[in-house]
Structures are given as structure tokens and as C-alpha cells.
Amino acid sequence: MAALGVRPTNSYGGLTSQELAREIAADYTPTKYIESEADLLKAVTKYSSVGVNGFFDYFSAAAIPNTNGLIMLPVVSDTWWCSPQNAMVTKDLNNIVPANNAVDVHRGAFIPGKVVRAIYDNGFWRAGIGYIDDMETNMYEPAAQVKGDIARIYMYMAIVYPQSLWLDAGVMIYTDGGYPYICRYGRELLLKWHRDDPVDEFERCRNTAIREVQGSGNPFVEIEDLAEYLWGNKAGEVYPQPPVIGPDPAVPTPDPTPQPEPEPNPDPEPEPTPTPEQRQTILLKGVYSIATDVWLDFKSPYIDAGSQWAVDGRPVSSSLMLSELGEGRHEVSFKNEKSHGKLSIRIEK
Amino acid sequence: MSCSQTAYVEPDRVGGSGVAEKPESQLDDNSMRVVGNKLNLKYDDGGIIFSEDTESCISVVRLIDDYRVMFDPVISQFSINGAEIALKEAELRKQSDDCRWYRLIGKESADTIWFVVNL
């Protein structure tokens with residue numbers, strides 16, 4: 001795998017899942033957007049220029065000979081977003097790729113995937129019918145050499161432009177509300193493409209060019225393992241702290257006068273348990289650990305925030321300590337103006 | 001949860017011989033679930049939200065992977081992860097005080113899906 005380019009100074013060490021995603025979004029939301037189409041074209045053609053032979057085309061093996069045959073293609077369709085975000089996603093350079101002007105006709109707002117029955121095939125990319133859990137749906141499949149590039153764009157858009165309610169085919173890739181942002185089908189597909197086609201020199205150069213214009217690039221291009229901690233093999237694990245860099249062994253350090261060790265406190269005060277307001281909320285899930293989760297929070301992207309809650313039939317008005325409920329199965333129920341429902345959770349040590 | 005009253009609902013037939021069917025084994029089990037055609041969402045497995053809105057639309061979400069299934073018995077609409085699955089048939093096969101058994105048959109695959117809810 002090729003070495004990566006720019007590495008941000010922020011560290012995500014100690015973060016996991018939703019908190020990790022939020023920090024990434026905060027760091028990588030563009031600080032500036034290009035407003036004019038002319039400047040957009042200029043920015044894209046700058047990094048995609050392949051010399052006198054034209055411009056790199058994400059949807060053809062041949063270069064686009066001139067700007068007349070080139071379109072600024074949003075990889076993720078703006079029709080998936082509500083206003084006003086739909087305007088931003090067409091200006092974010094991370095989501096814009098150069099493509100020949102025949103692509104839009106054949107791809108439309110299809111979701112990415114493995115095309116089983118092609119309706120269009122130019123030998124480089126295909127559009128047609130694919131399957132999600134035995135369900136037929138329209139899909140497009142990029143060429144192998146750009147699948148990773150495309151996947152990392154979808155990942156970026158999920159984190160930086162989340163929606164509480166996706167439109168059109170967006171619901172087939174993304175989830176409403178917060179983490180994990182990408183549905184199971186999307187996660188499996190995008191992770192596979194991300195792994196099979198790692199970041200290469202062209203993608204790094206593109207990322208650098210975008211960063212220079214917008215103030216930020218794509219975190220999934222710059223930090224190769226972020227996707228694994230969000231959705232892949234390390235999902236749910238704490239992102240590791242950066243290695244501590246010690247003093248240069250070639251430079252002798254003065255030998256300080258050794259100070260005596262302070263006497264340990266024989267009766268230290270226990271660490272106070274953070275209140276629900278002081279800590280990160282844990283979205284509702286199936287299995288809880290008393291030791292690591294500590295609290296049961298009543299929050300889910302699938303349940304209205306103003307709901308009334310009960311646990312094992314007992315009304316509750318705020319988060320509960322898992323130790324109060326005890327190990328075993330418990331029923332969490334809710335009701336609000338629009339709906340009512342329940343789920344079973346398991347609490348373990 | 002036990003059902004105190006049980007009523008068998010005669011299926012709403014289109015054509016057919018008019019001979020009543022024997023209740024399937026699914027009707028003897030009132031545990032909340034969506035099963036059939038590779039679907040296997042059971043409330044007792046944990047981590048799966050079963051909910052119903054004011055218009056009787058039933059939603060099921062498996063939290064570990066956000067797998068979502070929705071069934072609207074009023075308009076016989078069924079979807080998986082937001083994508084609609086065409087139905088040939090959707091009928092309320094059995095109803096008790098607090099439990100309903102819906103049987104769905106896919107239009108393309110002819111597979112049977114059982115929606116059992118006691119909310």
C-alpha cells in the first residue's frame with residue numbers, strides 16, 4: 001500500500017464510533033466552497049490534467065481530450081439530500097470528479113454496487129441491475145482502479161453531510177440520523193472497495209489539491225485505517241493514541257537531580273462517575289456492559305427525541321445506571337405522539 | 001406474553017375453492033418476529049426495535065446493522081431498507097387481544113413472510 005500524504009495534526013486517539021465520526025466531521029467539513037462553475041472547472045482540471053493529452057476521466061480508460069467533453073460529476077447524487085445541503089454537496093470538491101459527458105445519461109442517481117446484468121458497459125464501468133438481499137435494483141459499477149476512490153467519497157459524504165431523512169435511493173446506502181451513517185449493504189460494499197483499491201498517488205495528489213482550495217480533504221484518503229474503526233474490522237474499538245515521540249537519543253539530556261517519589265495516598269478518593277450530561281451518550285443497542293457502558297441512555301436515531309420511556313414496565317425520566325437494572329434481559333419501551341414500540345436488551349458484567 | 005382471546009381470521013380470498021386452510025404452525029407462536037424469505041428478525045434475540053405508528057405502520061430495526069423492515073397493513077406496502085418489495089398478498093391471518101399475525105407473499109418470489117406483532 002502506498003504511503004499517504006498529508007496527515008492532520010488532530011489525533012483521534014481515545015475516540016470510538018459516534019464520537020470518532022463527529023470529530024472527523026468537525027475536522028473535515030470544508031471551510032470554503034467554490035462558488036463559480038468556472039473556478040470549479042479550473043480546480044478540477046488542475047489536478048486531473050494529464051498533460052497535453054487531456055483530462056483524467058473516472059469513467060473511461062481514455063482521457064477526455066478537452067473541457068468541452070468534460071462534466072463536473074457529483075459522485076453522490078445531490079438528489080439524496082434535502083435543501084439546503086443539496087446545494088453544498090455539488091460544490092464540495094471531494095464529491096466532484098471529472099467525467100465524460102455520456103456518464104450522466106447512463107448512471108443517473110443509481111447506487112454503487114456489483115452489476116449483474118449490464119444495460120450499459122463501455123469496458124471500463126457498467127450500469128444495470130444488481131442485488132441487495134435478493135432484491136433487484138439499479139446500480140452502477142466503477143472500474144476496479146477507481147472503486148476505492150469512489151468508496152472513500154461515499155464514506156466522506158456520509159460523515160460530513162449526514163441527514164436525518166435521506167431522499168430517493170440515498171436510503172439504500174445511508175442511514176437516517178447519526179452513527180453508523182451507512183447501512184449494512186453500503187458498509188460491506190464500500191469497505192470492500194476501500195480495501196481492494198487502496199489510496200494511490202493520483203488520489204493523494206487530488207486530495208492535496210482539494211485541501212489547498214477548501215481547507216480540508218478526505219479523511220479516508222489521509223488516514224488509511226479510519227474506515228476500519230468506524231465500520232470495519234475494528235468498529236467499536238477505541239482509536240489508538242498516536243505514539244509518544246521521546247527525546248533524540250543522539251542529543252544528551254542533562255541528568256536532573258532525582259526527586260524523591262511522593263508518598264502514595266493510602267486512602268484515595270474514588271473517581272466520580274460522570275453524570276449523563278458530562279459524558280458521551282450511548283445510542284440504544286442490544287447488549288450492554290455494566291463495567292464499560294455504565295449507563296443506559298434512551299436515545300436512538302430511530303425513535304423521536306421527545307418519547308416517554310419505560311424499562312420493564314417502570315416509567316423512567318432519564319438515563320439509568322446499568323448496575324441499578326442488573327444483569328439479564330430487560331424490556332425497554334417507548335411511546336410518543338406518532339408511535340410506540342419496544343426492544344429487548346441484555347445487560348452483562 | 002399470553003393471549004387471552006383468540007380469533008381466527010378467514011383469509012380474504014381472490015378466487016380459490018373456498019375450502020378453509022389449516023392454521024400453520026406460525027399461528028401457534030405469539031412471539032414478536034418477522035420471519036421468512038431469509039428474514040429472521042425476532043424480538044427475543046434482543047437489540048431489535050419493533051414499533052407501530054398511529055397509522056398502523058409497523059417498523060422493525062435491527063440496531064447492530066441498521067437492517068430495517070417496514071410493513072403498512074393499510075395499504076399493503078412492504079419494504080426492506082427503504083426499498084419497496086412488491087406483494088402479491090398481505091393478509092391478517094389471526095388476531096387476539098394483543099397479538100396480530102400477518103402473512104405476506106412476495107409478488108416476484110412467492111415467498112412467505114410472517115409479521116407477528118404484539119405491541
Side-chain angles (χ1 to χ4, degrees), chain A residues 80 111 131-138 165-188 231 235-236 283-288 300-304 307 328-348, chain B residues 1 31-34 36-72 77-87 98-100 104 106-113 115-119:
Chain A
W80 292 7
I111 63 170
Y131 290 88
I132 300 178
D133 292 336
D134 295 339
M135 180 191 68
E136 282 190 0
T137 193
N138 292 322
L165 193 66
W166 289 96
L167 304 179
D168 292 350
V171 299
M172 302 172 82
I173 297 293
Y174 296 131
T175 59
D176 299 335
Y179 181 81
Y181 300 103
I182 304 177
C183 70
R184 178 185 57 86
Y185 165 77
R187 293 197 299 269
E188 288 174 0
W231 305 295
L283 295 178
L284 274 179
K285 54 182 180 173
V287 181
Y288 290 82
S300 170
Y302 302 105
I303 301 171
D304 282 358
S307 298
R329 286 222 167 263
H330 298 274
E331 181 178 276
V332 177
S333 57
F334 67 92
K335 64 179 176 181
N336 53 61
E337 282 183 1
K338 290 185 262 180
S339 66
H340 65 281
K342 59 185 179 182
L343 75 149
S344 172
I345 65 171
R346 189 172 80 244
I347 299 177
E348 299 173 340
Chain B
M1 182 185 290
S31 62
M32 202 153 52
R33 63 194 185 279
V34 181
N37 189 23
K38 300 179 185 177
L39 289 172
N40 190 29
L41 301 165
K42 297 178 179 176
Y43 176 82
D44 291 336
D45 286 344
I48 302 177
I49 300 175
F50 282 75
S51 64
E52 185 175 6
D53 68 17
T54 51
E55 294 174 2
S56 303
C57 184
I58 302 161
S59 295
V60 181
V61 180
R62 186 168 58 201
L63 293 173
I64 197 167
D65 60 1
D66 311 298
Y67 194 81
R68 292 166 289 141
V69 172
M70 187 278 294
F71 172 54
D72 188 333
Q77 189 175 62
F78 174 65
S79 68
I80 296 176
N81 289 337
E84 189 172 341
I85 310 291
L87 294 177
D98 46 17
C99 200
R100 282 164 286 151
L104 282 56
K107 193 171 184 180
E108 300 294 331
S109 64
D111 289 322
T112 299
I113 296 167
F115 252 91
V116 182
V117 288
N118 48 34
L119 289 169

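Every chain is numbered from 1 and lettered A, B, ... according to where its sequence line falls, protein lines coming before strand lines.
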With a 4.5 Å cut-off on side-chain heavy atoms, are [Y] and [X] touching?
| X | Y | result |
| --- | --- | --- |
| B:Phe78 | B:Glu84 | no |
| A:Ile111 | A:Trp80 | yes |
| A:Ser300 | A:Leu283 | no |
| A:Pro301 | A:Tyr179 | no |
| B:Phe71 | B:Ile85 | no |
| A:Lys342 | B:Asn118 | yes |
| A:Asp133 | A:Tyr185 | no |

In residues 55-63 of chain B, which residues are in contact with chain A at a heavy-atom separation under 4.5 Å?
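Expected list: B:Val61, B:Leu63.
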OH/B:Tyr43 to CG/B:Leu119 distance, rounded to the nearest 0.5 angstrom?
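Going from OH on B:Tyr43 over to CG on B:Leu119, the span is 9.0 Å.
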Using non-hydrogen atoms and a 4.5 Å limit, figure out which bit of [X] sits close to chain B: side chain, backbone, both or neither.
| X | result |
| --- | --- |
| A:Tyr174 | backbone |
| A:Glu331 | both |
| A:Asp134 | side chain |
| A:Met135 | side chain |
| A:Phe334 | side chain |

So which of [options] has the largest heavy-atom pair count under 4.5 angstrom toward chain B?
| options | answer |
| --- | --- |
| A:Leu284, A:Ile132, A:Thr137 | A:Leu284 |
| A:Ser344, A:Gly341, A:Pro180 | A:Ser344 |
| A:Glu136, A:Lys338, A:Met172 | A:Lys338 |

Backbone of A:Ile182 reached by a side-chain donor or acceptor of A:Arg187 within 3.5 Å:
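Side chain of A:Arg187 to backbone of A:Ile182, a donor-acceptor pair under 3.5 Å: yes, one is there.
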Examine distances only and state if a side-chain atom of A:Asp168 and a backbone atom of A:Gly170 form a donor-acceptor pair shorter than 3.5 Å.
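No.
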Counting only non-hydrogen atoms closer than 4.5 Å, does B:Phe50 touch chain A with its backbone (N, CA, C, O), its side chain (CB onward), both, or neither?
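Contact with chain A involves both backbone and side-chain atoms of B:Phe50.
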